[in-house]
Amino acid sequence: MIQSLLEAFQQDQDLTELPEAEAFEAFAAYCVLNSYYNEPFNPDTYRTGGGNDLGIDAYAVLIDGQMYRDPTDVQVAMQERRRPQVQVVIIQAKTSSKFETKVISDLAENLGHLCGAEAIPYEVSDDVKGLRECLDAVYQDPARLAGRLPELHVRYVTTGDQIAEMVHRKARSAERHLGKLNRFETVEVRCVNRPELRALYQQAISTVEVTVPVPKQFAMPTAPGVEQSFVGLVGASELVRTVLEDDSGKLRENLFESNVRAFQGYNAVNSGIRDTLRDPVKRQRFAVMNNGITIVTRKMNRVGDNFVLDDFQIVNGCQTCHVLFHERDQLTDQVYVSVHIVHSKDEDVIQGIVAATNQQTPVSAEDLAARQDFHKQLEDFFTLGWDKPHRLFYERRAKQYSERKDVEKTRVISRPQLSRAYLAMFMDEPSRVGRYQDLMKARGEELYAADQQPILYYTAAATWYRLEWLIRNQRVNRGYRPTQYHLMALIRQKLLGPGAVPTHDKAVTKACTRILDVVWDAEAAEKLVVHELLPVIQRAIDAEREAGVPLGEAVRNERFAERARRELTSITGR
């Protein structure tokens, strides 16, 4: 059973060249980390490699729901947040059909050294050094952790079915041992057996389906393009339990992708919502004091007062939902939320609802609608008009292609991934994509404009795909992954020369075709990257290293980008 799932996973992720043991490590990372993080990610990126790994086969650090592996990313994320919620996930994966107590004991001992404040007494791999640096970055400013220490989640994954009582005892002993470090709020050591692993994989590749009770509701009048629509009251605690909270107790952040604004923190409005929920009297009036939420679902079944929702989004009420989740311990049976549920399969209707329910933001309804139309054009442009070897899939909404067996998942690019690729390649911002939120605030309005040419975005996506392919298939050393966006900028400079991107339709098509002819030729792309661009990147790396700047930090400064551009110009004259 697991063998067949592993083979399907390898096909989906284009990891067929990995040995079985390494592919299983990537598979375990994909299954486990998906229960913490709902956005698309490359599971092989989070896998360790080589010896001296202390039994750690994969790891990730999550900060306020965002997932990181690079120490500099962790440092930046910690600096940007006042009271971050940190989760450290460590995975050991073995293809054996049983759980061994010695594995747990050894892993606990190793993690005791790794997660403590003292130096590690063993020689360890670069990946494990990276994990230690991530932890050092988390604990660098203890004041930021005053509210809550990090959580440690350790998963031991095998293909075994039964977990012996002695294995459970060893896991509890490991928790106590690691808890004595006083570095974690909670420590959880768990064994993941075959049935749970299969369930995690199915959860990872499926859209979210929930059943929410709406005991007080009425149907709205019929409308064109709308299958059904209801307005009702839902118990706030039921809303959190059935809709907002996933199986691991975290907020389903991907439900809010259609909101123009992410959670704004505790500004005046959100602080007011929180104060209401904390007041024993006022929270009973919550339903009449709050505008509630709007849910748009593409699939819905109604069984009595229970609404079964599948493939849905919360298109309005992001702020309310976040506060409700944070204050879930304050919710009593007397706290209700007004909910508008719209069932529609018509994308125009859905986007119209998104535009109408987000008019309170600075983005106008007309602009929002135009941008959503552009995203639809991109989705069609990526999939139509290209033969299969050149076909990519633009994912406008979370897990849009997760259940499509005919779609190779490495060819799916999400909106954040595409934004980063375009910003790095065509807007000369390879050094700032590491601070994505700041960059989007500064230049996000320049993206996805109606007068832009879709082929530019497709070209950025194709270049991103090819570089991922080269790294994944070990044509390019994994150590160069942090420089990926700089390589994209250099590819554009090498093939098109410096200067602005053409704006005339024919000139844009001609320029993009010049890039696409190379990136879709695997041999030509490898020759360009490995023999011409990596030496340029390496000289920039060496210069920064001599100045004492580590690679993760170097790629985030404009000096690195400018040095790489100058090096390439000195060689090619362009």
Side-chain angles (χ1 to χ4, degrees), residues 2 6 20-36 43 46-62 86-118 120-125 127-132 134-135 149-201 247-249:
I2 295 297
L6 179 60
E20 183 180 82
E22 294 181 16
F24 184 73
E25 292 169 359
F27 177 70
Y30 180 75
C31 294
V32 172
L33 294 179
N34 252 292
S35 66
Y36 291 88
Y46 293 87
R47 192 171 61 84
T48 62
N52 298 325
D53 60 8
L54 302 188
I56 300 169
D57 295 318
Y59 71 84
V61 177
L62 292 103
V86 182
Q87 296 170 301
V88 181
V89 183
I90 293 173
I91 301 161
Q92 180 168 74
K94 292 185 177 296
T95 55
S96 61
S97 59
K98 63 179 181 178
F99 295 90
E100 300 178 16
T101 56
K102 186 177 186 304
V103 169
I104 299 176
S105 298
D106 289 348
L107 184 59
E109 180 184 350
N110 290 337
L111 290 177
H113 294 298
L114 176 69
C115 298
E118 304 298 324
I120 305 173
Y122 316 121
E123 183 67 30
V124 296
S125 68
D127 286 319
V128 174
K129 288 178 183 175
L131 173 54
R132 177 56 181 264
C134 287
L135 293 171
L149 289 172
E151 300 173 5
L152 177 63
H153 302 268
V154 182
R155 297 291 183 267
Y156 173 24
V157 183
T158 80
T159 61
D161 191 8
Q162 301 298 320
I163 304 174
E165 179 60 30
M166 182 56 70
V167 173
H168 282 299
R169 291 180 184 177
K170 282 289 183 181
R172 303 293 78 75
S173 176
E175 290 174 347
R176 290 191 294 271
H177 173 70
L178 295 170
K180 290 177 182 178
L181 295 173
N182 295 319
R183 303 263 279 179
F184 300 102
E185 191 79 19
T186 58
V187 177
E188 181 189 38
V189 179
R190 278 189 45 209
C191 297
V192 177
N193 62 5
R194 183 174 67 240
E196 184 177 0
L197 187 61
R198 189 176 75 129
L200 287 173
Y201 182 65
D247 292 338
S248 57

Check: Thr95 main-chain N/O paired with Thr158 side-chain donor or acceptor under 3.5 Å = no
Test applied, side-chain contact (heavy atoms from CB on, under 4.5 Å); reference residue, Tyr59; option that passes from Val88, Leu114, Leu33, Thr48 | Thr48
Search all heavy atoms of Val61 against all heavy atoms of Cys134 and return the closest pair with its distance.
-> CG2-CB, 4.0 Å
Mark yes or no for whether Asp57, through its side chain, and Gln92, through its backbone, hold a donor-acceptor pair below 3.5 Å.
-> no
Residues Ala58 and Ala29: closest non-hydrogen pair is CB-CB, 3.8 Å
Return the minimal non-hydrogen interatomic distance between Tyr156 and Lys98, and the atom names on each side.
-> OH-O, 4.0 Å
dist Leu149:CG -> Leu181:CG (nearest 0.5 Å) comes out at 11.5 Å
Between atom CZ of Phe99 and atom NE2 of His168, what is the distance when rounded to the nearest 0.5 Å?
-> 8.5 Å
Does Glu175 reach the main-chain N or O of Val189 with its side chain, forming a donor-acceptor pair under 3.5 Å?
-> yes
For the residue pair Val32 and Arg155, what are the closest heavy atoms and their distance?
-> CG1-CG, 3.8 Å
Could you grab the distance from atom CZ of Phe184 to atom NE2 of His153, nearest 0.5 Å is fine?
-> 10.0 Å
Run the salt-bridge test on Lys94 and Glu100 with the 4.0 Å N-O cut-off and return the result as yes or no.
-> no
Would you name the heavy atoms of Pro195 and Gly160 that are closest together and state the gap between them?
-> CD-O, 4.4 Å
When you measure from the side chain of Arg183 to the backbone N and O of Cys115, does any donor-acceptor pair fall under 3.5 Å?
-> yes
Using the side-chain contact (heavy atoms from CB on, under 4.5 Å) rule, pick out the option among Val157, Val192, Leu197, Ile91 that qualifies with Cys31.
-> Leu197
Are any side-chain N or O atoms of Tyr46 and backbone N or O atoms of Tyr30, one a donor and one an acceptor, separated by less than 3.5 Å?
-> no
Passing option when Val154 is tested against Leu107, Ile56, Val187 for side-chain contact (heavy atoms from CB on, under 4.5 Å) | Leu107
